[in-house]
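Below: one structure, written as structure tokens.
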Protein chains: 2
Amino acid sequence: MSRANAISPARLKDAVPLFAALGDATRLGLLVSLCSGGPLTVTRLSGQFEVSRQAITKHLEVLSEAGLVKSSRQGRERIWTFEPKRLEDAHQYLERLSKEWDVSLGRLKAFVET
Amino acid sequence: MSRANAISPARLKDAVPLFAALGDATRLGLLVSLCSGGPLTVTRLSGQFEVSRQAITKHLEVLSEAGLVKSSRQGRERIWTFEPKRLEDAHQYLERLSKEWDVSLGRLKAFVET
DNA sequence: AAAAAAAGCAACCAAGAGGTTGCATCTGCC
DNA sequence: GGCAGATGCAACCTCTTGGTTGCTTTTTTT
């Protein structure tokens with residue numbers, strides 16, 4: 001009954017910064033802004049929150065390293081855009097977990113019925 | 001074109017601790033253990049990780065407050081079990097975000113084509 | 001050319017997170 | 001009763017995180 005874990009350590013390692021990036025109120029807010037309000041600059045974004053522009057910059061960097069946003073320079077301003085791909089990744093990790101759980105339930109059921 | 005945000009602040013507030021709980025390597029590992037290996041005790045779980053039993057206890061408490069696990073006393077030991085419901089919640093938050101993004105893309109497309 | 005807008009950089013700070021050790025408490029069993 | 005296993009509780013420590021302020025650099029605009 002022992003078998004390889006369906007969720008490899010490598011996958012876990014990739015999932016951690018992704019979920020961690022989502023686990024902050026300001027950053028979630030930023031994501032919502034970017035994905036419903038379209039691409040925006042840092043100064044524009046920081047107008048919507050209670051914290052300083054520099055704080056927002058740091059949050060955007062965290063989101064960026066997690067792959068959830070990307071930025072591009074345009075003249076004197078930097079435009080930040082939402083990156084939907086990584087959201088799909090996060091979704092898959094959750095999917096994998098709940099699938100694992102279902103399998104586990106199935107095993108238990110089979111065991112009980114034997 | 002302005003309209004109420006599809007992702008309410010209340011929902012965001014609930015999502016934060018959920019994602020934050022998932023954003024740690026040890027906690028993700030615990031979840032994997034619990035959902036593929038079935039209900040386990042703290043001491044049993046801490047055997048699978050490099051950190052102390054107390055550290056694991058703290059992590060389980062975080063997971064518990066996020067609603068991702070629950071525990072019950074059985075004699076002198078406490079059994080921790082995976083709670084799949086909250087995973088579904090997390091899934092829905094992600095879904096909402098990507099839906100919001102799609103809507104936003106739709107608006108942009110409509111605007112360009114006008 | 002000078003002023004203003006946008007962003008970048010760096011130092012610093014307080015609070016929280018993750019971890020540890022040590023000891024107390026509860027429960028099952030001989 | 002008394003021992004051993006499992007957990008609970010509390011103090012403590014260190015590093016990270018989220019935030020700040022102040023100053024510089026780059027690019028527009030007038």
Side-chain angles (χ1 to χ4, degrees), chain A residues 9 12-34 37-82, chain B residues 9 12-34 37-82:
Chain A
L12 277 192
K13 220 168 199 168
D14 179 62
V16 167
L18 191 46
F19 287 124
L22 295 169
D24 176 277
T26 309
R27 284 196 293 268
L28 263 189
L30 285 170
L31 275 190
V32 172
S33 285
L34 285 179
L40 286 170
T41 80
V42 193
T43 25
R44 214 109 164 71
L45 280 166
S46 57
Q48 310 177 11
F49 298 85
E50 300 280 290
V51 294
S52 69
R53 173 178 58 86
Q54 287 82 347
I56 299 293
T57 299
K58 286 191 186 177
H59 281 305
L60 286 170
E61 270 159 16
V62 173
L63 288 171
S64 172
E65 286 196 26
L68 286 163
V69 302
K70 74 166 195 265
S71 72
S72 65
R73 212 49 196 277
Q74 258 182 48
R76 70 176 152 181
E77 42 188 34
R78 176 177 296 280
I79 312 290
W80 294 87
T81 51
F82 178 62
Chain B
L12 276 192
K13 220 168 199 167
D14 179 62
V16 168
L18 191 45
F19 287 124
L22 294 169
D24 176 276
T26 309
R27 285 197 292 268
L28 264 190
L30 284 170
L31 276 190
V32 172
S33 284
L34 285 180
L40 287 170
T41 83
V42 194
T43 25
R44 213 108 164 71
L45 279 166
S46 56
Q48 309 177 11
F49 298 86
E50 301 279 293
V51 295
S52 70
R53 172 179 59 88
Q54 285 83 347
I56 299 291
T57 298
K58 287 191 186 178
H59 281 304
L60 286 170
E61 270 160 16
V62 173
L63 288 171
S64 172
E65 287 197 27
L68 286 163
V69 301
K70 75 167 195 270
S71 72
S72 65
R73 212 48 197 272
Q74 258 182 49
R76 71 177 151 179
E77 42 188 35
R78 175 177 296 281
I79 313 291
W80 295 86
T81 52
F82 178 61

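Note that the coordinates shown come from a computational prediction; the quantities given were computed from them, not determined experimentally. Protein chains get the first letters and strands the later ones, always in sequence-line order, with residue 1 at the start of each.
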| Steps toward side-chain contact (heavy atoms from CB on, under 4.5 Å) verdict (V32(A), L12(B)) | CA-CA 9 Å; V32(A) 172; L12(B) 276 192; 4.2 Å; yes
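Within residues 66-75 of chain A, the residues that place at least one heavy atom under 4.0 Å from DNA chain D are, in residue-number order, G75(A). Within residues 39-64 of chain A, the residues approaching DNA chain C are T41(A), V42(A), T43(A), R53(A), Q54(A), by heavy-atom distance under 4.0 Å.
The side-chain heavy atoms of L31(A) and F82(A), taken from C-beta on, include a pair separated by under 4.5 Å. Between K58(A) and V62(A), every side-chain heavy-atom pair lies at or beyond the 4.5 Å cut-off.
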Would you be so kind as to tabulate the donor-acceptor pairs closer than 3.5 Å made by side chains of residues 16-28 of chain B, with sequence neighbours excluded?
unit_1: D24(B); atom_1: OD1; unit_2: T26(B); atom_2: N; d: 2.9
unit_1: D24(B); atom_1: OD1; unit_2: R27(B); atom_2: N; d: 3.0
unit_1: R27(B); atom_1: NE; unit_2: A21(B); atom_2: O; d: 2.8
unit_1: R27(B); atom_1: NH1; unit_2: H59(B); atom_2: ND1; d: 3.1
unit_1: R27(B); atom_1: NH2; unit_2: A20(B); atom_2: O; d: 3.3

Name each donor-acceptor pair under 3.5 Å that joins a side chain in residues 63-79 of chain B to protein atoms two or more places apart or in another chain, with its distance.
unit_1: S71(B); atom_1: OG; unit_2: R78(B); atom_2: NH1; d: 2.8

Could you pull out every donor-acceptor pair under 3.5 Å between side chains of residues 41-52 of chain B and any protein atom, sequence neighbours left out?
unit_1: T41(B); atom_1: OG1; unit_2: T43(B); atom_2: N; d: 3.4
unit_1: T41(B); atom_1: OG1; unit_2: T43(B); atom_2: OG1; d: 3.2
unit_1: T41(B); atom_1: OG1; unit_2: R44(B); atom_2: N; d: 3.2
unit_1: S46(B); atom_1: OG; unit_2: V42(B); atom_2: O; d: 3.1
unit_1: S46(B); atom_1: OG; unit_2: T43(B); atom_2: O; d: 3.0
unit_1: Q48(B); atom_1: OE1; unit_2: S33(B); atom_2: OG; d: 2.7
unit_1: S52(B); atom_1: OG; unit_2: A55(B); atom_2: N; d: 3.3

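To the nearest 0.5 Å, atoms CD1 (I56(B)) and CZ (R53(B)) are separated by 11.0 Å.
Rounded to an integer number of Å, the gap from CZ of R76(B) to C1' of dG28(C) is 5 Å.
For DNA chain D, the outermost nucleotides in 5' to 3' order that have an atom under 4.0 Å from a heavy atom of chain B are dG5(D) to dC9(D).
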